[in-house]
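Below you'll find the structure, written out as structure tokens, and then a few comments.
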Amino acid sequence: MELNSLYIDELKEIVKKYGEKEFRAKQLFNFFHAQKRLDIKNSNLPKKLIDNLLENEEIRKLSILKDYSSKIDETKKLLYQLDDGNIIEGSLIKYKFGYSLCISTQVGCRMSCVFCASTKEGRVRNLTASEMLSQIYSVENEYGINLSNVVLMGSGEPLDNYENLIRFLDLIHDENGRNFSYRNLTISTCGIVENIYKLADKKYPVTLALSLHASNNEDRKAIMPITNKYSIEEALKACKYYCDQTNTRLTIEYTLINCENDKDQNVKELKNLLNNLKVHINLIPLNNIKEYSGKRPDKRSVYAFKKKLESKGLNVTIRRELGADINASCGQLRRDYKGG
Ligand code: SF4
């Protein structure tokens with residue numbers, strides 16, 4: 001495994017192998033995760049150790065290939081290049097409270113949600129922990145900012161890359177490194193039930209966002225095949241367990257598709273599903289993509305749907321549209337760049 005994905009204890013084994021004292025491991029960890037640097041040639045580690053590490057170990061890099069800045073607000077869409085030539089994307093959004101970065105967890109995705117461009121070529125590969133971290137570090141370094149929030153909502157299903165996700169969560173929070181608060185992280189999932197339970201038992205107070213997008217199993221199966229494996233009820237039961245274990249509130253992501261899932265029947269079903277849960281519903285008007293015929297509802301219908309949910313006692317917001325002039329749905333930018 002690459003050096004910048006390792007825990008301090010694992011780095012200790014590496015430096016010992018090259019005849020160095022254990023404290024060098026902490027120094028190396030600090031260099032990667034607190035100084036957010038990878039050019040160990042310019043570190044103050046002993047030259048012999050640097051030579052050995054460069055010759056025998058891997059340091060995984062990632063670079064910002066392109067950024068598209070909105071002229072309307074300060075949103076940026078980003079394309080990153082990985083060491084093996086793969087491309088992933090993300091977005092940087094400025095809110096009143098600070099900057100939020102949406103990161104990817106896999107190259108592509110195998111979950112086949114019909115409205116998502118990220119899944120059109122399936123899952124190419126998992127990202128390692130360092131590749132998830134490097135999205136954060138490279139943005140902070142490039143733009144001279146400290147992020148307030150990170151959301152794992154770019155391409156990929158985070159819970160389909162479970163081991164690397166855990167490593168990422170441990171490393172980003174490590175007090176010897178970036179020391180990022182779990183409370184400022186959100187993991188978005190289509191609902192991989194067994195891994196929601198596993199993650200819950202870790203008790204990291206990270207917000208979980210369930211991509212629901214439909215109000216009954218039949219409709220959800222038509223747009224999110226994961227529903228064939230786990231019903232909405234099973235997913236919500238796992239989410240409730242997660243929130244109880246971590247003392248967090250669940251977010252429900254609901255993409256509104258015109259005349260598909262924005263009817264009165266959907267309001268009724270959502271109320272029945274979510275009534276007894278501590279949830280916050282985030283309505284996302286669909287981003288049109290060429291591969292899916294569903295259409296974005298107009299503003300008036302979005303607000304009407306919100307009002308109806310609120311009248312049932314549910315807590316609802318509409319995701320603010322940012323960077324409308326550079327808007328591309330998740331995965332679309334990468335496909336366009338590659339000519340997909
Ligand atoms: S919406 Fe998320 S889980 Fe579904 S295909 Fe896209 S990236 Fe994968």
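When a residue number appears, it is its place in the shown sequence, counting from 1.
For residues 136-160, the set of pairs meeting the salt bridge (Lys or Arg N to Asp or Glu O under 4.0 Å) definition, not counting sequence neighbours, comprises K36-E140, R110-D160, R123-D160, E140-R178.
At a threshold of 4.5 Å between non-hydrogen side-chain atoms, the residues L236 and L274 count as touching. Contact annotation: the side chain of I88 approaches that of L127 to within less than 4.5 Å [non-hydrogen atoms, C-beta and beyond]. I232 places a side-chain heavy atom less than 4.5 Å from the side chain of L273. T207 has its side chain out of reach of L250: every pair of non-hydrogen atoms, C-beta onward, lies at least 4.5 Å apart. Using a 4.5 Å heavy-atom cutoff, the side chains of I87 and L82 are not in contact. Looking at L159 and I196, their side chains come closer than 4.5 Å, going by heavy atoms from C-beta outward. Inter-residue side-chain proximity for L208 and L210 is flagged as unmet; no heavy-atom pair is nearer than 4.5 Å. When side chains are defined from C-beta on, I281 counts as touching L309, because their heavy atoms get closer than 4.5 Å.
Of all the heavy atoms in I226 and C190, the pair that sits closest is CG2-O, 3.7 Å. The two residues C109 and T119 make their nearest non-hydrogen contact at O-OG1, 2.8 Å. C113 and K120 make their closest contact through O-NZ, 4.3 Å (heavy atoms, listed as atom of the first residue, atom of the second, distance). Annotation for S138 and L62: closest pair OG-CD2, 3.6 Å, computed over non-hydrogen atoms. The minimum heavy-atom distance between N266 and S215, with the atom names listed, is ND2-OG, 2.9 Å. Shortest non-hydrogen contact noted between V302 and P285 is CG2-CG, 4.1 Å.
Note: I103 CD1 to E89 CD = 13.5 Å, rounded to the nearest 0.5 Å. Remark: C102 SG to N149 CG distance equals 11.5 Å, nearest 0.5 Å. Separation of atoms CG (L53) and CG (L45) is listed at 7.5 Å; rounding is to 0.5 Å. Note that CG of L101 is 9.0 Å distant from CD1 of I93, once rounded to the nearest 0.5 Å. Remark: K229 NZ to M224 CE distance equals 14.0 Å, nearest 0.5 Å.
Between Y204 and H173, the ring center distance fails the sub-6.0 Å criterion. The aromatic ring centroids of Y197 and Y242 lie 6.0 Å or more from each other.
Connection of I284 to F305 is not established within any shared hydrophobic cluster, with ILVMFWY side chains joined at heavy-atom distances below 4.5 Å, either directly or through further cluster members.
Counting heavy atoms of neighbouring residues, nucleotides and ligands inside a 6.0 Å radius, atom OH of Y143 exceeds 12 of them. For E218, the CD atom counts as loosely surrounded, since its 6.0 Å shell holds 12 or fewer non-hydrogen atoms of other residues, nucleotides or ligands. Within 6.0 Å of NZ on K26 lie no more than 12 heavy atoms contributed by other residues, nucleotides or ligands. Few gaps surround NZ on K306; more than 12 heavy atoms of other groups in view lie less than 6.0 Å from it.
D170 and Y7 share a donor-acceptor pair across their side chains, judged by distance under 3.5 Å alone. T255 and H213 form a side-chain donor-acceptor contact under 3.5 Å, judged by distance and modelled atom types alone. No donor-acceptor contact under 3.5 angstrom links the side chains of S188 and E253, judged on distance only. Looking at Q106 and N161, their side chains never bring a donor and an acceptor atom within 3.5 Å of each other. In summary, the side chains of E163 and N126 do not present any donor paired with an acceptor at a separation below 3.5 Å, with no hydrogens or angles considered. If you check the side chains of S104 and S155, you find a donor sitting under 3.5 Å from an acceptor. No side-chain donor from either of K221 and T227 sits under 3.5 Å from a side-chain acceptor of the other. No side-chain donor from either of Q135 and E131 sits under 3.5 Å from a side-chain acceptor of the other. For the residue pair N146/Y99, the side-chain donor-acceptor check at 3.5 Å is not satisfied. A donor-acceptor pair shorter than 3.5 Å can be found between the side chains of Y241 and D201.
Within the 3.5 Å criterion, the main-chain N or O of L65 finds no donor-acceptor partner in the side chain of S63. Remark: side-chain polar atoms of D298 are paired, donor with acceptor, to backbone N or O of S301 under 3.5 angstrom. Between the side chain of D83 and the backbone N or O of K61 there is at least one donor-acceptor pair closer than 3.5 Å. With N228 contributing its side chain and P225 its backbone, the two residues share a donor-acceptor pair below 3.5 Å. Between the D262 side chain and the C259 main chain, a donor and an acceptor come within less than 3.5 Å of each other. Within the 3.5 Å criterion, the main-chain N or O of N42 finds no donor-acceptor partner in the side chain of D39. A side-chain donor-acceptor contact under 3.5 Å links S311 to the backbone of K308. Under a 3.5 Å cut-off, the side chain of S181 and the backbone N or O of R183 do form a donor-acceptor pair. Judged purely by atom type and a 3.5 angstrom limit, E175 has no side-chain atom pairing as donor or acceptor with the backbone of N179. Looking at D174, its side chain does come within 3.5 Å of a backbone N or O of N176 through a donor-acceptor pair.
In this structure Y80 satisfies the ring pair (Phe, Tyr, Trp, His ring centres under 6.0 Å) test with no other residue, sequence neighbours excluded. Qualifying ring pair (Phe, Tyr, Trp, His ring centres under 6.0 Å) partners for Y162, counting only residues two or more places apart in sequence or in other chains: none. Evaluation of the ring pair (Phe, Tyr, Trp, His ring centres under 6.0 Å) rule for F23 yields no partner, not counting sequence neighbours. Here N52 pairs with Y18, K48, N56 under the side chain to side chain contact (heavy atoms under 4.5 Å, CB included) rule; sequence neighbours left out. D84 is linked by a side chain to side chain donor-acceptor pair (under 3.5 Å) to N86, R125, counting only residues two or more places apart in sequence or in another chain.
In summary, R60 and E58 engage in a salt bridge, as defined by a charged side-chain N under 4.0 Å from a carboxylate O. Salt-bridge annotation for K47 and D51: present, with a side-chain N of the basic residue lying under 4.0 Å from a carboxylate O of the acidic one. Under a 4.0 Å N-O distance rule, the pair E20/K16 does not qualify as a salt bridge.
For the pair R37 and F32, the NZ or CZ position fails the cation-pi test of under 6.0 Å to the six-membered ring centre and within 45 degrees of the ring normal.
Note on ring orientation: taking the six-membered ring where Trp is involved, the planes of H33 and F29 are tilted (angle from 30° to 60°).
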- Would I136 and L147 count as a side-chain contact (heavy atoms from CB on, under 4.5 Å) if you check the C-alpha gap in whole Å, the side-chain angles of each, and the deciding distance to 0.1 Å? CA-CA 8 Å; I136 296 168; L147 296 167; 3.6 Å; yes
